Every structure is written in C-alpha cells, then in structure tokens.
Amino acid sequence: MAQGLIGTMLVRAWPDGRRFAGRVVETEAYLGPRDAGCHTFGGRRTPRVASMWKQAGTGYIYFTYGMHHMLNVVCGPATVTNPGGGGIGMAVLIRAVEPIVVDSVLIDAENRSKFRDLCRGPGRLCKHLEMDRGLDGLDLTVGQVLWLGLPGEVSRVKVATSARVGLGNTPSPWLERKLRYFDGASSWVSGPRAMPVKPA
DNA sequence: CGGTCGATTCCCT
DNA sequence: GGGAATCGACCGA
C-alpha cells in the first residue's frame with residue numbers, strides 16, 4: 001500500500017478557490033498494533049489515534065514536536081467480511097510530494113525547482129497545504145477539501161526502499177525494517193541526502 | 001556539505 | 001514530567 005501510493009496525486013482545495021496538486025514521491029508504512037513504530041502499537045485507541053482505526057482511505061493527521069503536523073492515509077486489506085478494508089490501525093505516512101499545481105497555477109518542469117522544499121518532508125507538506133487536526137478523520141476519497149487522485153505515470157517509477165526516518169533509538173527489529181518507499185529517480189524526497197537506497 | 005542543537009506544545013503515563 | 005513519524009539556523013571544513 002505504501003508502495004502503491006507512490007506516484008498518486010494529492011490534491012488540496014481551499015474555500016477561496018485556490019488549489020494545490022502534487023505527486024506523492026515518498027511514503028512510510030506503519031503496520032498496526034504489532035509494529036513498535038506505529039501509533040497503534042499494543043492496540044492503543046486513545047482519542048489522538050482514533051482515526052487510525054477507521055476505514056481505509058481516511059486521513060489521519062496528528063501533531064508532534066510541538067509544532068509540526070503529519071498526514072497519513074489509513075489503509076488495510078479488504079476481506080469478505082470487511083469489504084472496504086481498514087479498521088486495523090494501519091496507515092501510510094506521506095513524507096514528500098512533488099508540486100505540480102501551486103496556488104492554482106500549473107508549474108512547468110523547468111520552474112519546478114523553485115518549489116523544491118515546499119513539500120519535502122512531512123512537516124513542510126502539512127504546513128504549506130495548511131493541514132492540521134481540523135482535517136483529521138477526513139475521507140480522502142471525496143474530492144472536496146483534501147483527496148487522493150489517480151496516479152500519474154506510475155509504470156515509469158522505480159520505487160526504492162530504506163528504513164523509516166526519525167523513529168526512536170530503542171533497538172527493535174521493527175524499526176530497522178525497510179518500510180520507507182520513495183521514487184528513486186526523484187529529487188523531491190526528504191530525509192538525509194544519503195539515505196540508503198535499495199531497489200524494491 | 002554534514003553535524004549539532006534549540007524550538008515548542010500536545011498527549012499519555 | 002518526558003518524549004515526540006521534524007525543521008531550520010548555525011557552525012566548521
């Protein structure tokens with residue numbers, strides 16, 4: 001799922017008519033109650049993480065470091081008894097987006113570099129798209145305020161993997177798993193420049 | 001360029 | 001009371 005989100009379009013629309021659209025280039029998977037790096041670790045169901053237990057396609061936005069918000073897409077496999085999927089405390093963090101439409105203006109590839117840092121990193125992404133806890137729990141399949149659109153040229157994307165970024169120092173096999181996914185050819189990904197790159 | 005460090009507030013223990 | 005799925009400023013090379 002985290003891998004599948006690479007290349008999809010993230011769209012934000014404001015009441016005044018302004019729009020942003022960008023291509024998702026970096027994600028991280030958080031696999032649920034058994035994942036030591038996940039907010040639902042141990043089956044936790046506090047008010048803050050309530051959205052993580054909703055159906056697949058729900059947005060989970062939380063606040064951290066006293067100043068930053070982060071955007072996640074709730075996911076989880078669909079089953080016969082759970083057709084829509086989700087409900088198991090699993091989500092994908094969106095870490096970086098390549099800006100395509102900024103302030104309702106289509107950005108040419110040649111001018112794209114001016115916006116290099118706009119959505120590079122989960123904190124900056126939320127800051128520039130003005131996403132906070134007020135948008136937590138939104139259905140991201142509804143094209144109204146914030147939503148995911150169709151993928152761009154996904155077939156061209158070579159997805160690379162690495163360990164997740166910014167988790168604590170506590171040694172755990174979970175924290176070393178290669179659950180970060182990014183477009184290996186993109187110059188829009190976040191994190192330390194020299195994050196290990198491995199083919200997916 | 002890479003490393004270090006302070007900012008700042010919410011949430012759970 | 002302590003830590004947090006980060007960022008940007010600042011430093012030295």
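Just so we're on the same page: letters track the sequence lines, and every chain starts at 1. Computed from a prediction, not measured in an experiment: that's the story for all the values here.
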Determine, stepwise, if the pair A/E130 / A/R18 fulfils salt bridge (Lys or Arg N to Asp or Glu O under 4.0 Å).
CA-CA 12 Å; A/E130 297 177 32; A/R18 282 154 49 235; 3.5 Å; yes
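Note: CZ (A/R95) to C1' (C/dC7) measures 11 Å, nearest angstrom. Whole-Å rounding puts the A/L71 CG to C/dT6 C1' distance at 15 Å. The distance from atom OH of A/Y62 to atom C1' of C/dA4 is 8 Å, rounded to the nearest whole Å. We find that CE of A/M67 is positioned 13 Å from P of C/dA9, with the value rounded to whole Å. Counting to the nearest Å, the C1' atom of C/dT6 and the CG atom of A/L93 are 11 Å from each other. We find that CZ of A/F41 is positioned 16 Å from C1' of C/dG3, with the value rounded to whole Å. Rounded to an integer number of Å, the gap from CE of A/M52 to C1' of B/dC11 is 16 Å. Per the geometry, OH belonging to A/Y60 stands 10 Å off P belonging to B/dC11, to the nearest Å.
You'll find that the side chain of A/Y65 is closest to C/dA5, out of C/dC7, C/dA5, B/dC12. For A/F63, counting side-chain heavy atoms from C-beta on, the closest listed nucleotide (C/dT6, B/dC10, C/dA5) is B/dC10.
Across residues 121-141 of chain A, A/G121, A/P122, A/G123, A/R124 each have a non-hydrogen atom less than 4.0 Å from an atom of DNA chain C (numbered order).
If you check the side chains of A/R180 and A/S162, you find a donor sitting under 3.5 Å from an acceptor. Under 3.5 Å, the side chains of A/E26 and A/S190 contain a donor-acceptor pair of N or O atoms.
Once rounded to the nearest 0.5 Å, the distance linking SG of A/C38 with CE of A/M90 reads 8.0 Å.
At a threshold of 4.0 angstrom between heavy atoms, the contacts of A/M70 are confined to the sugar-phosphate backbone, with no base atom among them.
For the side chain to side chain contact (heavy atoms under 4.5 Å, CB included) criterion with A/Y62, the lone passing option out of A/D132, A/D136, A/L71, A/N72 is A/N72. Partner of A/L10 under the side chain to side chain contact (heavy atoms under 4.5 Å, CB included) criterion, chosen from A/V97, A/L5, A/V73: A/V97.
For A/T64 and C/dT6, the shortest distance from a side-chain N or O to OP1 or OP2 is not below 4.0 Å.
Evaluation of atom-type donor-acceptor distances gives a pair under 3.5 Å for the side chain of A/H39 against the base of C/dA5.
Under the Watson-Crick and G-U wobble criteria, each requiring two contacts below 3.5 Å, nucleotide B/dT8 is left unpaired.
Using a 4.0 Å cut-off between charged side-chain N and carboxylate O, A/D139 and A/K54 make no salt bridge.
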